[in-house]
Amino acid sequence: TDAITIEAWVKTPDTQGAIFGKELTITPWEGYGFSIGGNTANGKLAFWYGNGANWDFSSSTVNDNIWHHVAVTFNSANSLFFIDGVLNATVPKTGTVRLSSNATGFIGMETAGSRYFNGSIDEVKIYNFALTEDEIREEYNQGSLLKLGSTGTDSSGNPDNSQNREYCVPGDTSTCNPPVARWNFDEKTGTSANDISGNANTGTLGGGVEANRPSWVSGKVGGGLKFD
């Protein structure tokens with residue numbers, strides 16, 4: 001694919017740690033990942049894709065141990081990084097996101113078991129297209145403490161806070177496409193994280209290993225997960 005969006009709320013003091021990763025270690029090796037620090041431990045947002053040789057970075061750091069909404073969109077031309085609803089960096093594309101449907105996704109670590117996240121993660125969403133700047137701003141607005149106006153509009157352009165218009169930018173009367181995966185971690189108990197997108201991408205905490213399980217904590221919105 002040549003288009004994807006990954007977003008989450010994160011809180012960490014560390015300069016390096018994976019937020020979401022998905023790869024298949026076969027020939028050709030393929031996948032993508034969204035992290036803090038990437039392969040340089042610099043505290044910036046990082047996005048890797050293709051065969052692992054392509055690394056893009058944001059301009060600013062986010063490892064100040066307070067909650068930030070972070071997002072990356074990848075389209076036919078660029079990787080775009082957003083911090084707290086604001087475009088932070090645009091990096092020209094140098095490769096293609098190659099992804100197999102057989103690959104397993106991981107939250108809080110890379111698939112090879114490295115770059116473990118240290119901190120809290122909440123509201124992870126994956127879209128199979130690149131959100132616009134307005135859509136990213138709306139995603140940030142949904143998780144911020146202060147919401148200005150309605151969170152969406154109906155097909156006639158009237159204010160609408162209903163669930164089926166949740167992903168619509170106010171003023172946009174077109175069809176609003178939901179994420180293909182969304183984990184809000186509001187279970188607050190148990191060993192699974194439910195995918196509330198309706199696509200049944202249920203997560204198993206710690207990969208089924210008790211010693212590796214993150215802890216349920218208060219997130220940015222409702223529940224969250226604490227990794228260490």
Side-chain angles (χ1 to χ4, degrees), residues 1-10 12 16-39 45-52 54-56 69-75 79 81-82 95-131 136 139 167 177-187 190-209 212-216 219-220 223-228:
T1 179
D2 275 335
I4 193 170
T5 299
I6 308 171
E7 63 168 287
W9 283 91
V10 299
T12 181
Q16 189 177 45
I19 300 169
F20 182 85
K22 194 169 186 179
E23 71 181 44
L24 195 64
T25 53
I26 61 173
T27 302
W29 191 66
E30 56 188 28
Y32 61 87
F34 186 36
S35 66
I36 294 173
N39 59 349
L45 297 177
F47 180 61
W48 71 263
Y49 53 96
N51 60 6
N54 304 299
W55 283 91
D56 297 338
H69 182 264
V70 297
V72 62
T73 69
F74 184 87
N75 57 35
S79 295
F81 293 92
F82 298 83
T96 301
V97 173
R98 299 183 301 184
L99 180 64
S100 168
S101 60
N102 295 323
T104 300
F106 291 82
I107 296 173
M109 63 173 283
E110 285 196 349
T111 55
S114 62
R115 301 193 180 104
Y116 290 96
F117 191 87
N118 177 32
S120 300
I121 299 178
D122 194 11
E123 286 288 340
V124 178
K125 299 177 187 177
I126 314 294
Y127 291 82
N128 59 0
F129 59 94
L131 293 178
I136 292 291
E139 292 287 320
Y167 304 103
N177 295 313
V180 294
R182 177 182 177 183
W183 300 273
N184 62 5
F185 307 129
D186 283 348
E187 298 86 352
T191 59
S192 297
N194 296 320
D195 170 21
I196 63 171
S197 72
N199 292 317
N201 297 297
T202 302
T204 301
L205 302 192
V209 179
N212 295 337
R213 289 174 188 160
S215 304
W216 294 105
K220 176 60 178 176
L225 288 177
K226 175 70 168 62
F227 298 81
D228 53 28

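Keep in mind that the numbers below use all heavy atoms, side chains included, and drop hydrogens, waters and symmetry copies.
Ile107 places none of its side-chain heavy atoms less than 4.5 Å from the side chain of Phe117. Side chains of Phe185 and Val124 form a contact here, defined as non-hydrogen atoms less than 4.5 Å apart. The side-chain heavy atoms of Phe47 and Ile6, taken from C-beta on, include a pair separated by under 4.5 Å. Counting only heavy atoms from C-beta outward, the side chains of Ser79 and Tyr49 approach each other to under 4.5 Å. No side-chain heavy atom of Phe227 sits under 4.5 Å from any side-chain heavy atom of Thr12.
Counting only distance, with no hydrogens or angles, the side chain of Arg115 and the backbone of Gly38 share a donor-acceptor pair below 3.5 Å. A donor-acceptor distance shorter than 3.5 angstrom exists from the side chain of Glu187 to the backbone of Asn194, with no hydrogens or angles considered. Under the 3.5 Å distance criterion, the side-chain polar atoms of Trp48 are left unmatched by any main-chain donor or acceptor of Gly31.
Nearest heavy atoms, Ser197 versus Ala181: OG-CA, 3.6 Å. When every heavy atom of Thr5 is checked against every heavy atom of Phe129, the shortest pair comes out as OG1-O, 2.7 Å. Of all non-hydrogen atoms in Tyr127 and Ile4, the two that sit nearest each other are O-CG1, 3.3 Å. The two atoms that bring Asp195 and Ala200 nearest to each other are OD2-N, 3.5 Å, heavy atoms only. Between Pro179 and Asn199, the shortest heavy-atom contact is O-ND2, 4.1 Å. Pairing each heavy atom of Arg213 with each of Leu205, the nearest pair is CG-O, 3.3 Å.
Note: Leu225 CG to Trp183 CH2 = 12.0 Å, rounded to the nearest 0.5 Å. Here CG of Asn201 is found 12.0 Å from CD1 of Ile196. Values are rounded to the nearest 0.5 Å. Atoms CG and NZ, on Asn184 and Lys125 in that order, are 9.0 Å from each other to the nearest 0.5 Å.
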Lys22/Ile126 under side-chain contact (heavy atoms from CB on, under 4.5 Å): CA gap, chis, key distance, verdict: CA-CA 11 Å; Lys22 194 169 186 179; Ile126 314 294; over 6 Å; no
Pair Val72-Leu45, side-chain contact (heavy atoms from CB on, under 4.5 Å): steps then yes or no: CA-CA 8 Å; Val72 62; Leu45 297 177; over 6 Å; no
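Just one residue in the list Asp122, Ile19, Val70, Ile121 forms a side chain to side chain contact (heavy atoms under 4.5 Å, CB included) with Trp9, and that residue is Asp122.
Every residue two or more places apart in sequence or in another chain that forms a side chain to side chain contact (heavy atoms under 4.5 Å, CB included) with Ala46 is listed here: Ser35, Trp55, Phe57. Legend: residues meeting side-chain hydrogen bond (donor to acceptor under 3.5 Å, both in side chains) with Glu123, ordered by chain and number and at least two apart, are Arg182. By the side-chain hydrogen bond (donor to acceptor under 3.5 Å, both in side chains) test, Asn75 pairs with no residue at all, sequence neighbours left out.
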